[in-house]
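Here is the structure we will look at, set down as structure tokens.
Keep in mind that the numbers below use all heavy atoms, side chains included, and drop hydrogens, waters and symmetry copies. Computed from a prediction, not measured in an experiment: that's the story for all the values here. In listed order, ligands and their atoms are each counted from 1.
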Amino acid sequence: MRLENVNSPADIKNFNVKQLDELAEEIRQFLIENLSVTGGHFGANLGVVELTLALHKVFNSPHDKLIWDVGHQAYVHKILTGRKSMFPTLRKFKGLSGFPKRSESEHDMFDVGHSSTSISAAVGYALARDLKKEKNHVVAVIGDGAMTGGMAFEAMNHVGHIGTDLIVVLNDNEMSIDPNVGAMSNYLAKIRTDSHYKNAKAEIQHVLQKIPTLGNKVAKGLERIKDSLKYLMVPGMLFEEFGFTYMGPIDGHNISLLLEAMEQAKSTKGPVLVHVVTTKGKGYAAAESSYDSGHFLNPVKIETGTPKSVPPIPTYSSVFGNTMIKLAEQDERIVAITPAMPSGSGLLKYAEKFPNRFFDVGIAEQHAATLAAGLACDGIRPVLSIYSTFMQRAYDQIIHDICIQNLPVTIAIDRAGLVGPDGETHQGAFDISFLRAIPNLTLMMPKDENELQHMLYTALQQNSPTAVRYPRGEGRGVPMDEQLREIPIGKSEILREGTSQVAILALGPMVQLAEKAADVLEQEGIFPMVVNMRFVKPLDHELLMDLAMRGYRLITVEEAATAGGMGSAILEFYAGNMISGVELFPIGLPDRFIEHGSVKELLESVGITVERIVEHTKRLAPKKRQHA
Ligand SMILES: Cc1ncc(C[n+]2csc(CCOP(=O)(O)OP(=O)(O)O)c2C)c(N)n1
Ligand SMILES: CC(=O)[C@@H](O)[C@H](O)COP(=O)(O)O
Ligand SMILES: [Mg+2]
């Protein structure tokens, strides 16, 4: 067993190829054993075992800087940098993060989780090195999916301009979370598969150099031929035109070829791109073949495949996907757009049914939003399906391209609220705060999966931008109405009238918490009003006015940043209408980034609990007059 003696990159520096291959198999076994218990990004990590070994053999982390893109494939990097004993706590509360984090290790150069940031960060490190006149290697490891992200091209454009020494390792496995899409993916496939590309570059350059330089005219003509030959024959020309020296494609599971390539990259001046071809899920058949090789929550289930005895409670995403099918059947103007998350967003069945009305644009949230705007300008009803956290990438496009033009775009915001194990980079904490300030935009959230389908239907009846936010995971298991109905915009739903002059104003799944708190309070003689707020914008002004006039004290509960959230909006409403003296206690996410863990643990850690709602409702409820 070699792995037990590997606790830092130094421990593999003297390994030969055979020993590294043996270690690779032990690491694969380690991943399978550990991830079948903890879950995590299984396929991506199985695919980079040899690549990560080669990187840590050739480069000297942390003196040399290894920067991971998206970072979900950095488990092997963590195993080699002294954290293998922490894997039983992977993605657990207060345990090992699923992504590189500078606070976790000196070998983690950049906190990641959102795609396509690695080359920009690497340029930063390279320029810092140059400014300090230091000597080290900077390596960005980016996947073919992440390479479809615009930021990657912004960074390559800059690198090509400054020409600093930088190595980009492109890990090409033809997969994003789902199969990769786009012209970039097709381009890479061509390079990958065309055998004659293998040594074309060397041969071409050898032949071209042999041609004697003749008179000016002929030379110019030859130059043009050389260029067109290069375009035809030399792989990676796209990257060469960005100023990179392209090397590849290289078998990403052949350690000796990888070592050779990394050594060559190390000794090449200027920007270098090493194109490595791997198989996602390598070494675990089910992960190699399955769509969901992006991340298995528990690979063991694949083998046992034990169906659950009780039909599972549908997830919000699956209800979204099923509702999209229903709506699209009724209205041929409807199309669905996803930036690279078809399966996660519940759109696979929809895509099968309506292939011409489904657009997976790759990791390109900005393009996805403005694409929706363009479609809406010309009579189409686009539904932009996007995770709350990734929507942060498209904020300007939502303002500038969708809302200023007041276009009928529906934004289906999935993963709104805490997502749990993915941690700080993925919590859907901020969308209420950054969306509700935008004029023309309607923002609503259902209390359960049944109300989600009605809200989606309602959104598509509007002629203006409408966002529906809903959480990750299962709904409440409530019955689903057959007939979809329109919910009056800006109208909340009073679930319990109550009699105690205190109201709990809850948003989305927080309604469930509010009702549990009301049950506890009623045992103690306090009968709060419980409201399913439904809308963050526009608020139910009539209800809020009525509560103020009747002297109600208010508790707001939202699984979103308190700063700028629904509670803030209500306070602004009262202030803006010069209504003073309304006591309101906002319960929401605190002013810090929320780490990884289960949603239940995280809610408790931030005080979004039944107990805290009870505590503050009791504090605010008017005291009963003691009878003499
Ligand atoms: C901005 C952004 N959009 C979407 C995602 C979701 N996401 C995580 S990994 C991934 C696919 C990355 O594919 P690739 O870079 O090829 O890595 P692989 O999983 O194939 O190793 C996506 C779309 C993200 N992390 N960030
Ligand atoms: C790494 C990444 O960004 C995605 O794989 C993300 O982890 C998916 O999240 P869900 O599991 O909520 O679909
Ligand atoms: Mg990939």
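Residue-ligand proximity, Ser115 to ligand 1, at heavy-atom distances under 4.0 Å covers atoms 1 (C), 2 (C), 24 (C), 25 (N), 26 (N). Atoms of ligand 1 lying under 4.0 Å from any heavy atom of Gly143, numbered from 1 in the order shown and given with element: 14 (P), 15 (O), 16 (O). Heavy-atom proximity to Val70, at under 4.0 Å, picks out these atoms of ligand 2: 1 (C). Every atom of ligand 1 with a heavy atom of Val70 under 4.0 Å away is listed here by number and element: 8 (C), 9 (S), 25 (N). Here is the list of ligand 1 atoms found below 4.0 Å of a heavy atom in Arg393: 1 (C). Applying the 4.0 Å criterion to heavy atoms of Gly145 picks out, from ligand 1, the atoms 13 (O), 14 (P), 15 (O), 16 (O). Ligand-side atoms of ligand 1 in range of Glu365: 1 (C), 2 (C), 3 (N), 4 (C), range being under 4.0 angstrom from any heavy atom. Heavy-atom contacts of Phe390 reach the following atoms of ligand 2: 3 (O) (cutoff under 4.0 Å). For ligand 2 and Ile177, the ligand atoms under 4.0 Å from any heavy atom of the residue are 5 (O).
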Exercise for review: Please test Glu174 against Lys280 for salt bridge (charged side-chain N to carboxylate O under 4.0 Å, His left out), starting from the C-alpha separation and ending with a verdict.
Suggested key: CA-CA 8 Å; Glu174 297 180 81; Lys280 198 163 190 176; over 6 Å; no
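Neither the backbone nor the side chain of Val419 comes within contact range of ligand 2; no heavy atom lies under 4.0 Å. Under 4.0 angstrom from ligand 1, the non-hydrogen atoms of Asn173 all belong to its side chain. Using a 4.0 Å cut-off between heavy atoms, Asp144 contacts ligand 1 through both its backbone and its side chain. Of the heavy atoms in Met341, only side-chain atoms (C-beta onward) come closer than 4.0 Å to ligand 1. Here Lys280 has side-chain heavy atoms under 4.0 Å from ligand 1, and that is the only part of it that gets that close.
Across His41, His72, Gln73, heavy-atom proximity to atom 17 (O) of ligand 1 is greatest for His72. Relative to atom 12 (C) of ligand 1, the option among Ser176, Gly149, Pro179, Gly150 with the closest non-hydrogen atom is Ser176. Remark: among candidates Ala394, Gly113, Ala364, the nearest residue to atom 25 (N) of ligand 1 is Gly113, based on non-hydrogen atoms. Distances from atom 2 (C) of ligand 2 to the heavy atoms of His72, Arg472, Met341, His426 show the closest one on His426.
Ion pairing of Glu424 with Lys101 is present here, as a side-chain N (NZ or NE/NH1/NH2) and a carboxylate O approach within less than 4.0 Å. Remark: Asp108 engages Arg83 in a salt bridge, criterion side-chain N to carboxylate O under 4.0 Å. A salt bridge links Arg28 with Glu25: the distance from a Lys NZ or Arg NE/NH1/NH2 to an Asp or Glu carboxylate oxygen falls below 4.0 Å.
Polar contact with ligand 1: present for Ala146 (N/O pair, distance under 3.5 Å). Below 3.5 Å of separation, one finds no N or O of Ile363 facing any N or O of ligand 1.
His56 and Ser61 get closest at one heavy-atom pair: CE1-CB, 3.8 Å.
Heavy atoms of Asp422 approach ligand 2 to within less than 4.0 angstrom. Residue contact annotation: His41 has a non-hydrogen atom under 4.0 Å from ligand 2.
Not a single donor-acceptor pair under 3.5 Å links the side chain of Tyr387 to the backbone N or O of Met341.
Taking 2.8 Å as the criterion, Asp144 counts as a coordinating residue of the Mg ion (ligand 3), since one of its N, O or S atoms falls below it. Between the Mg ion (ligand 3) and Asn173 there is an N/O/S contact shorter than 2.8 Å. The Mg ion (ligand 3) has Met175 among its coordinating residues (N/O/S atom, backbone or side chain, under 2.8 Å).
Ring geometry for His72 against His41 counts as perpendicular: the plane angle is over 60°, on a 0 to 90° scale with 30° as the lower cut. Ring orientation note: the planes of Phe430 and Phe593 are nearly perpendicular, at an angle over 60° on the 30°/60° scale. Between Tyr470 and Tyr316, the two ring planes are parallel [angle under 30°; tilted spans 30° to 60°]. By the 30° and 60° cut-offs, the orientation of the rings of Phe354 relative to Tyr350 is tilted.
Annotation: Arg102, atom CZ; neighbour count of heavy atoms from other residues, nucleotides and ligands within 6.0 Å does not exceed 12.
The closest side-chain heavy-atom distance from Thr466 to Met444 is below 4.5 Å.
Ring centers of Phe239 and His275: at least 6.0 Å apart, outside the cut-off. Annotation: Phe30 is in aromatic contact with Phe87 [ring centroid separation under 6.0 Å].
With hydrogens and angles left out, the side-chain atoms of Asn171 and Thr278 include a donor and acceptor closer than 3.5 Å.
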